[in-house]
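Notes follow the structure.
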Amino acid sequence: MQKCGRHTIRVCHGTACHMAGSDSITGVLKEELNVDVDETTTDGKFTLKTVTCLGCCALAPVMMVDDKAHGRLARDTAKRAIKQYKRHE
Ligand code: FES
């Protein structure tokens with residue numbers, strides 16, 4: 001079994017988030033972190049996962065980083081959110 005990173009990112013791919021562009025959000029995170037889904041970055045900081053419905057569809061597209069929800073994401077805001085976690089290490 002693969003080791004989990006210090007932070008776990010869960011990008012919602014439920015119906016509402018899918019319609020709102022979750023594929024694009026996962027795509028930009030894969031580029032930014034240089035990992036695929038279910039992989040952990042080489043520095044051990046992040047594990048990227050996809051899930052179905054986080055229960056806050058009104059905020060679609062949504063991702064959770066650890067226990068914090070980030071909603072109404074666009075490619076740039078998703079990238080920015082991850083950079084904050086990188087900075088606070
Ligand atoms: S579909 Fe994404 S939070 Fe419900």
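Numbering of ligands and ligand atoms starts at 1, following listing order.
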Closest approach of A81 to M63 (non-hydrogen atoms, all atoms of both residues): CB-CE, 3.7 Å
Could you tell me whether atom 2 (Fe) of ligand 1 has an N, O or S atom of H18 under 2.8 Å away? no
Which atoms of ligand 1 are found less than 4.0 Å from any heavy atom of A16? 1 (S)
With atoms numbered from 1 as shown, which atoms in ligand 1 lie under 4.0 angstrom from a non-hydrogen atom of C12? 1 (S), 2 (Fe), 3 (S)
Which bit of C57 gets closer than 4.0 Å to ligand 1, counting heavy atoms only: side chain, backbone, both or neither? both
Is the side chain of T41 donor-acceptor paired with the backbone N or O of L33 at a distance under 3.5 Å, no angle test? no
Do E39 and L48 come within less than 4.5 Å of each other through their side chains, counting heavy atoms only? no
Check: S22 main-chain N/O paired with T26 side-chain donor or acceptor under 3.5 Å: yes
Nearest protein heavy atom to atom 3 (S) of ligand 1, by residue and atom, and its distance? L54 N, 3.4 Å
Please verify whether a non-hydrogen atom of A60 lies at under 4.0 Å from ligand 1. no
May I ask you to list the atoms of ligand 1 that are less than 4.0 angstrom from any heavy atom of G55? 3 (S)
Would you say K83 and E32 make side-chain contact, with heavy atoms under 4.5 Å? yes
Determine the minimum heavy-atom distance between R10 and D66, stating which atoms define it. NH1-O, 3.8 Å
I need the atoms of ligand 1 closer than 4.0 Å to a non-hydrogen atom of G14, numbered in the order shown. 1 (S)
